[in-house]
S.K.: 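Sending over a structure as structure tokens; questions will come in a sec.
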Amino acid sequence: MNKLILIDGSGIAYRAFFALPLLNNDKGVYTNAVYGFTTMLMKIIEEEKPSHVLVAFDAGKTTFRHKTYKEYKGTRQKTPPELSEQFSFIHELLDAMGIKRYEIENYEADDIIGTLAVQAEKEGFETKVVTGDKDLLQLVDDHVTVSLTRKGITDVDDYDKEKVYERYEITPDKIIDLKGLMGDSSDNIPGVQGVGEKTAIKLLKQFGSIEDIYQSLEDVSGKKLKEKLENDREKAFLSKELATIEKHAPIDVKLDDLQYEYKVTSELIDLFKDLEFKTLLERVGFDEVISEDAEEETLEFEMVTEVNEQHLASPSALVVEVLEDNYHYADIVGLALANEKGRFYIPTETALNSSIFKEWLADANQKKIVFDGKKSIVSLKWRDIDINGVTFDIQMASYLIDPSESSHDLSAIAKRKHIKFVYSDDAFYGKGAKRVIPEGEKLGDHLIRKAEAMLKCQPLLKEELENNEQYSLFAELEMPLSLVLAEMEEKGVKISKETLESMGEELREKLEQKQKDIYELAGTSFNINSPKQLGEVLFEKLNLPVIKKTKTGYSTSADVLEKLESEHDIISEILDYRQLGKLNSTYIEGLLKVIHPKTGKIHTRFNQALTQTGRLSSTDPNLQNIPIRLEEGRKIRKAFIPSKQDWMMFSADYSQIELRVLAHIANDESLIEAFEHEMDIHTKTAMDVFGVDKEDVTSLMRRHAKAVNFGIVYGISDYGLSQSLNITRKEAGAFIDRYLESYPGVKQYMEDIVQKAKQDGFVTTLLHRRRYLPDITSRNFNRRSFAERTAMNTPIQGSAADIIKKAMIHMAKRLKDERMQANMLLQVHDELIFEAPKDEIDKLKTIVPDVMENAVKLKVPLKVDFSFGDTWYDAK
DNA sequence: AGGCACACGC
DNA sequence: GACGTACGTGTGCCTC
């Protein structure tokens with residue numbers, strides 16, 4: 001069976017251009033439209049496996065339609081030059097892929113597609129049209145489907161006859177009538193003034209076509225509507241004509257010319273390389289290992305059988321190869337060094353049994369350059385081996401220079417520095433099921449390449465940090481912090497298995513009961529955990545009103561269910577079921593699964609090089625999202641206990657650190673004063689925003705003020721605020737405006753920071769952390785708005801992250817200096833959790849707030865609250 | 001294996 | 001006038 005794909009090249013390129021940020025390659029050529037176009041094209045080809053393909057383009061400015069109506073597409077803005085320059089690459093790309101492209105004077109891409117679709121239908125082809133333009137739906141037929149791009153670029157909706165009818169309640173051949181009536185502002189097609197989609201469909205359903213409507217005009221209900229139709233009679237017919245695709249355009253391509261066979265040519269590889277489409281290179285199976293770049297260069301190295309002075313030097317790049325993500329007691333595959341004396345591969349046994357090597361590792365004067373040093377440090381800690389002198393972490397440097405860089409893996413960083421002899425781990429070892437770990441020379445070669453690349457990258461990254469005024473952030477904050485985090489991770493948190501298990505049993509009983517109740521109320525049994533099945537039960541069987549839809553069906557999210565609570569008793573049961581189910585699966589069963597067999601503790605990993613704001617994240621398990629807001633969930637914290645008898649848990653958190661940071665950086669008088677007097681900040685905000693005295697602040701006013709403060713801290717939009725308060729967007733916008741009027745310093749800051757971001761291309765925090773915001777100049781309103789909010793928010797959230805990180809370093813030092821046994825265990829963004837012997841608690845009560853409050857000096861005081869108890873739950 | 005919907009924390 | 005809107009992690013479902 002012949003299968004033909006017809007692509008609206010101009011339309012897809014436009015879509016891609018506006019959907020993606022303005023990427024460019026290192027020659028400064030814009031590539032976003034080419035990239036989007038290519039991913040779209042490859043996806044379609046992979047999925048459909050066509051026998052014939054054609055990409056049609058619009059040619060020139062005028063078409064035969066302009067003769068009929070010279071204002072046709074008159075409101076179109078000129079194609080931005082950033083897009084125009086990309087068309088030549090798209091042409092090159094298609095040629096390299098062996099895909100036919102075609103354009104013809106006086107006709108649009110639509111007409112070429114229409115003409116070929118008709119021919120293909122006659123010849124018994126299956127045809128698929130890919131476009132972003134709903135007009136093409138008129139081509140849908142028994143053997144012609146149309147794929148419309150949804151938001152984004154690779155997402156499409158496939159329309160066959162049934163789907164068109166489902167969506168528009170008319171047959172595809174009536175799409176032109178629909179457009180004739182409703183017009184199209186983007187093509188400047190007038191239509192009938194005052195008739196939109198709803199009315200047009202109603203008319204077409206009743207009468208058939210535009211011709212039919214005008215024939216029976218007197219039967220149209222509604223005087224006004226009749227008048228409108230009469231007034232714009234000519235425009236209606238003209239619009240229909242303009243919307244009609246020409247199916248007999250004088251094209252000189254034949255279906256036979258469009259034959260297509262999938263192949264990856266060297267031209268295509270070269271083009272992808274030029275454009276720097278790395279993921280696409282991988283996708284077409286271009287293997288980095290066999291890339292000539294890497295293979296060209298052979299690097300000499302020695303395979304060490306016994307470590308001696310000849311191998312050791314300072315500084316050295318040190319590789320401790322651990323392949324598992326979870327490095328807690330993972331295997332060490334091998335080690336490698338690169339330094340002024342050479343390159344050395346040291347097999348694991350050789351290294352870890354060598355006292356010379358271990359002494360060198362422990363020697364703080366022997367400087368080590370590492371990549372993800374915390375991973376190396378913790379892996380060795382589990383074997384009771386200490387490393388000191390870790391002064392430069394390549395991954396950390398890359399993260400600080402640009403946290404948005406999609407991969408901070410070594411081969412990517414090295415390539416950015418034009419070092420090409422290193423392979424990525426995925427390429428070398430293979431990923432997933434295909435992973436093979438070679439031995440001997442081959443492994444050694446890979447590891448010394450990494451070490452050599454690190455050694456070479458180090459001075460370049462150091463220079464970049466210095467140029468960015470980030471070297472002290474790197475050397476005095478993040479590097480020392482990684483050692484503190486390594487200790488916290490290795491120490492772990494004791495957890496009571498028994499407590500979790502008994503809570504789990506209780507939960508499961510409740511869940512079973514709830515499940516029974518729900519089945520009874522529903523009158524059927526189904527999988528409550530399946531949003532799809534749940535949606536069917538609620539909205540089809542029980543006929544509850546549909547409040548929100550997701551792209552795959554009905555939304556059953558908590559905010560939707562809450563609105564339905566009064567409609568049916570089943571809703572609150574489902575909400576309960578969800579809550580309990582979450583507790584059981586994520587927190588009870590999830591935590592039980594990650595108790596370390598050797599220690600009986602939980603050892604999380606803090607990712608220190610991930611978030612865009614500078615916060616940490618926590619995985620395997622995530623200990624930064626243990627429930628607290630609802631009592632049932634909060635009880636999970638009872639399972640977190642001290643690791644020793646007669647010890648206690650101690651928790652300390654910054655009070656309103658983000659808003660204090662805001663008061664400081666915005667230098668807002670009123671906000672500073674509020675904090676100096678230790679006022680309840682949400683009440684104070686309510687007073688200022690609503691213009692009332694303290695006594696007259698109602699709880700609703702305080703709740704709204706709190707949400708506004710929340711919004712300021714997290715950079716949410718008026719829409720986000722409206723969602724959280726269940727008010728209209730307008731009201732939310734008004735709140736934000738009033739807030740900014742009440743705090744002119746904040747308003748000024750918000751304006752200045754956006755301005756500065758536009759000027760510099762990035763924003764910074766208190767300690768010079770950076771976040772680049774390329775979208776700040778985007779023509780796309782959404783992208784720009786988001787970038788603006790990010791510009792306002794990142795210095796606030798990021799500076800707060802800087803402060804607690806600094807406090808952690810001071811805290812670790814203070815505990816050592818004071819020779820205390822207490823352990824710092826966790827950080828949860830504005831909170832530190834410790835365990836300590838009971839007799840140290842009094843001391844902690846003094847030193848923890850002291851250290852945290854004095855981590856930095858701001859224009860407002862920092863305030864720390866603390867508490868302690870037998871479990872994390874009791875430390876509240 | 002990967003996406004989606006959902007839910008937890010800050 | 002619509003767009004689709006804090007960040008992170010983990011779970012179960014569902015499709016491929």
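No hydrogens, no waters, no symmetry mates; every other heavy atom, side chains included, goes into these values. Each chain gets a letter, A, B and so on, in the order the sequences are listed, and its residues count up from 1.
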S.K.: Checking all strands, does A:Arg634 fall into the base, sugar-phosphate, or nothing category for heavy-atom contacts under 4.0 angstrom?
M.R.: nothing

S.K.: Looking for any heavy atom pair under 4.0 Å, which part of the strands does A:Glu658 touch: base, sugar-phosphate only, or nothing?
M.R.: nothing

S.K.: In whole Å, I'd like the distance from the CG atom of A:Asp559 to the C1' atom of C:dT5.
M.R.: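 That distance rounds to 15 Å.
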
S.K.: Does C:dC14 have OP1 or OP2 under 4.0 Å away from a side-chain N or O of A:Gln533?
M.R.: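 Affirmative; the distance criterion is met.
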
S.K.: Under 4.0 angstrom, heavy atoms only, what part of the nucleic acid is A:Ser618 near: base, sugar-phosphate, or nothing?
M.R.: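 Counting heavy atoms under 4.0 Å across all strands, the contact made by A:Ser618 is with sugar-phosphate only.
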
S.K.: Applying side chain to side chain contact (heavy atoms under 4.5 Å, CB included), run through A:Arg769 and A:Thr764 and close with a yes or a no.
M.R.: CA-CA 5 Å; A:Arg769 191 182 303 284; A:Thr764 56; over 6 Å; no

S.K.: Is the shortest side-chain N to carboxylate O distance from A:Glu853 to A:Arg660 below 4.0 Å?
M.R.: no

S.K.: With the side chain of A:Tyr719 defined as its heavy atoms from C-beta on, choose the nearest nucleotide among C:dC3, C:dT5, C:dG10.
M.R.: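 For the A:Tyr719 side chain, the nearest candidate turns out to be C:dT5.
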
S.K.: Please classify the nucleic acid contact of A:Thr790 as base, sugar-phosphate, or nothing, using heavy-atom distances under 4.0 Å.
M.R.: nothing

S.K.: Does any N or O donor sit under 3.5 Å from an N or O acceptor when you compare the side chain of A:Asn622 with the base of C:dG10?
M.R.: no

S.K.: If you measure from CG on A:Asp775 to OG1 on A:Thr777, what distance do you get to the nearest 0.5 Å?
M.R.: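 Separation between the atoms: 7.5 Å.
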
S.K.: Roughly how many Å is it from CD1 in A:Ile528 to P in C:dC14, rounded to a whole number?
M.R.: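 Going from A:Ile528 (CD1) to C:dC14 (P), I get 13 Å.
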
S.K.: Measure CZ/A:Arg629 against C1'/B:dA7 and give the value in whole Å, please.
M.R.: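 Between C1' of B:dA7 and CZ of A:Arg629: 10 Å.
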
S.K.: If you look at every strand shown and take non-hydrogen atoms under 4.0 Å, does A:Asp620 touch a base, only sugar-phosphate, or nothing?
M.R.: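 Sugar-phosphate only.
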
S.K.: When the distance from OH of A:Tyr873 to P of B:dG9 is rounded to whole Å, what number comes out?
M.R.: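 After rounding, the gap between these two atoms is 14 Å.
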
S.K.: Going from NZ on A:Lys374 to CE on A:Met396, what distance comes out if it is rounded to the nearest 0.5 angstrom?
M.R.: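 It comes to 8.0 Å.
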
S.K.: Dump the intermediate steps for side chain to side chain contact (heavy atoms under 4.5 Å, CB included) on A:Glu562 and A:Leu575, then the final yes or no.
M.R.: CA-CA 8 Å; A:Glu562 273 158 24; A:Leu575 284 166; 4.2 Å; yes

S.K.: Within this structure, what is the CG-to-P distance between A:Asn527 and C:dT11, rounded to whole angstrom?
M.R.: 17 Å

S.K.: Using a 4.0 Å heavy-atom cut-off, does A:Ser717 contact any base of the nucleic acid, only the sugar-phosphate backbone, or nothing at all?
M.R.: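 Touches a base.
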
S.K.: Side-chain N or O of A:Ser555 versus OP1/OP2 of B:dC6: is the shortest distance under 4.0 Å?
M.R.: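 Result: yes.
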
S.K.: At 4.0 Å (heavy atoms only), tell me whether A:Ile628 reaches a base, stays on the sugar-phosphate, or touches nothing.
M.R.: sugar-phosphate

S.K.: Would a line drawn from the ring center of A:Tyr743 to the ring center of A:Tyr739 be shorter than 6.0 Å?
M.R.: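 Ring centres of A:Tyr739 and A:Tyr743 closer than 6.0 Å.
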
S.K.: Expressed in angstrom and rounded to an integer, what is the separation of A:Lys582 atom NZ from C:dT9 atom P?
M.R.: 13 Å

S.K.: Would you indicate, yes or no, if C:dA6 has its OP1 or OP2 atom less than 4.0 angstrom from a side-chain nitrogen or oxygen of A:Arg789?
M.R.: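 So the side-chain polar atoms of A:Arg789 do come within 4.0 Å of the phosphate oxygens OP1 or OP2 of C:dA6, strictly under.
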
S.K.: With rounding to whole Å, what would you report as the distance between B:dA5 and C:dT5 at their P atoms?
M.R.: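 Each nucleotide's P atom is 11 Å from the other's.
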
S.K.: Would you mind reading off the distance between A:Gln612 atom CD and C:dT9 atom P, rounded to a whole angstrom?
M.R.: 11 Å

S.K.: Contact class for A:Asn529 (heavy atom, under 4.0 Å): base, sugar-phosphate, or nothing?
M.R.: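 Here A:Asn529 touches the backbone only, sparing every base.
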
S.K.: Kindly check if the number of other-residue, nucleotide or ligand heavy atoms within 6.0 Å of CD (A:Gln193) is above 12?
M.R.: no

S.K.: Nearest of C:dG10, C:dC3, B:dG9 to any side-chain atom of A:Arg637?
M.R.: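 Nearest to the side-chain atoms of A:Arg637, counting from C-beta on, is B:dG9.
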
S.K.: Of all the nucleotides listed (B:dA7, C:dT9, C:dG12), which has the minimum atom distance to the side chain of A:Leu610?
M.R.: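 Selected nucleotide: C:dT9.
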
S.K.: Nearest whole Å is fine: how far is C:dG4 P from A:Ile716 CD1?
M.R.: 19 Å

S.K.: So, does A:Ser530 get its side chain near the phosphate of C:dG12, meaning an N or O under 4.0 Å from OP1 or OP2?
M.R.: no

S.K.: Return the pairing partner of C:dA2 with a 3.5 Å limit on both distances, Watson-Crick or G-U wobble; otherwise return none.
M.R.: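 Across any shown strand, C:dA2 pairs with none.
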
S.K.: Has A:Ser617 got a side-chain N or O lying under 4.0 Å from the OP1 or OP2 atom of C:dT9?
M.R.: yes

S.K.: Please work out if A:Phe786 contacts a base, only the sugar-phosphate, or nothing of the nucleic acid, heavy-atom cut-off 4.0 Å.
M.R.: sugar-phosphate

S.K.: I want to check one thing: is the phosphate of C:dC7, taken as OP1 and OP2, less than 4.0 Å away from some side-chain N or O of A:Arg615?
M.R.: no

